[in-house]
Amino acid sequence: MWCGAGPSGQQAWHVLTVDKTSTLCGLHKLEEPSGQEPTDQHCLPCMQALQALME
């Protein structure tokens with residue numbers, strides 16, 4: 001998991017690919033922005049992709 005900007009620009013948790021360089025929703029992993037409070041929001045496209053992989 002990686003916390004980064006979501007589709008709306010707000011912080012969200014994303015699911016990383018096996019190589020840990022991108023997310024299931026297609027974002028390239030960047031360094032976590034400093035000074036941001038942790039969030040409990042999750043990226044819906046990542047969660048949907050993970051669910052499809054688990055089925």
Side-chain angles (χ1 to χ4, degrees):
M1 298 291 287
W2 169 70
C3 189
S8 66
Q10 294 182 353
Q11 293 292 98
W13 286 100
H14 297 270
V15 180
L16 290 173
T17 57
V18 174
D19 64 6
K20 298 180 181 171
T21 61
S22 59
T23 64
L24 292 183
C25 68
L27 294 176
H28 291 288
K29 182 185 172 199
L30 304 172
E31 291 298 318
E32 188 173 336
S34 60
Q36 295 284 334
E37 288 292 318
T39 182
D40 61 352
Q41 299 296 315
H42 289 80
C43 172
L44 184 58
C46 278
M47 294 296 110
Q48 291 170 332
L50 179 61
Q51 182 177 5
L53 289 171
M54 299 291 289
E55 292 177 346

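Computed from a predicted structure; not experimentally measured. Side-chain atoms are counted along with the backbone in the values below, which use heavy atoms only and exclude waters and symmetry mates.
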Gap separating the [atom1] atom of [X] from the [atom2] atom of [Y], nearest 0.5 angstrom:
{"X": "His42", "Y": "Leu50", "atom1": "NE2", "atom2": "CG", "answer": "10.5 Å"}
{"X": "His14", "Y": "Leu27", "atom1": "NE2", "atom2": "CG", "answer": "5.0 Å"}
{"X": "Gln51", "Y": "Cys46", "atom1": "CD", "atom2": "SG", "answer": "13.0 Å"}
{"X": "His28", "Y": "Thr21", "atom1": "NE2", "atom2": "OG1", "answer": "7.5 Å"}
{"X": "Leu16", "Y": "Leu24", "atom1": "CG", "atom2": "CG", "answer": "8.0 Å"}

The side chain to side chain contact (heavy atoms under 4.5 Å, CB included) partners of Leu44 (sequence neighbours excluded) come to Gln48
Does Thr17 use its side chain to pair, donor to acceptor, with the backbone of Ser22 at less than 3.5 Å?
yes
Checking Trp13 side chain against Cys43 main chain: does a donor-acceptor pair fall under 3.5 Å? no
Evaluate Gln10 against Thr39 for side chain to side chain contact (heavy atoms under 4.5 Å, CB included), listing each step before the verdict. CA-CA 9 Å; Gln10 294 182 353; Thr39 182; over 6 Å; no
**Asked** Considering only heavy atoms from C-beta outward, does the side chain of Val15 approach that of Met47 to under 4.5 Å?
**Response** yes
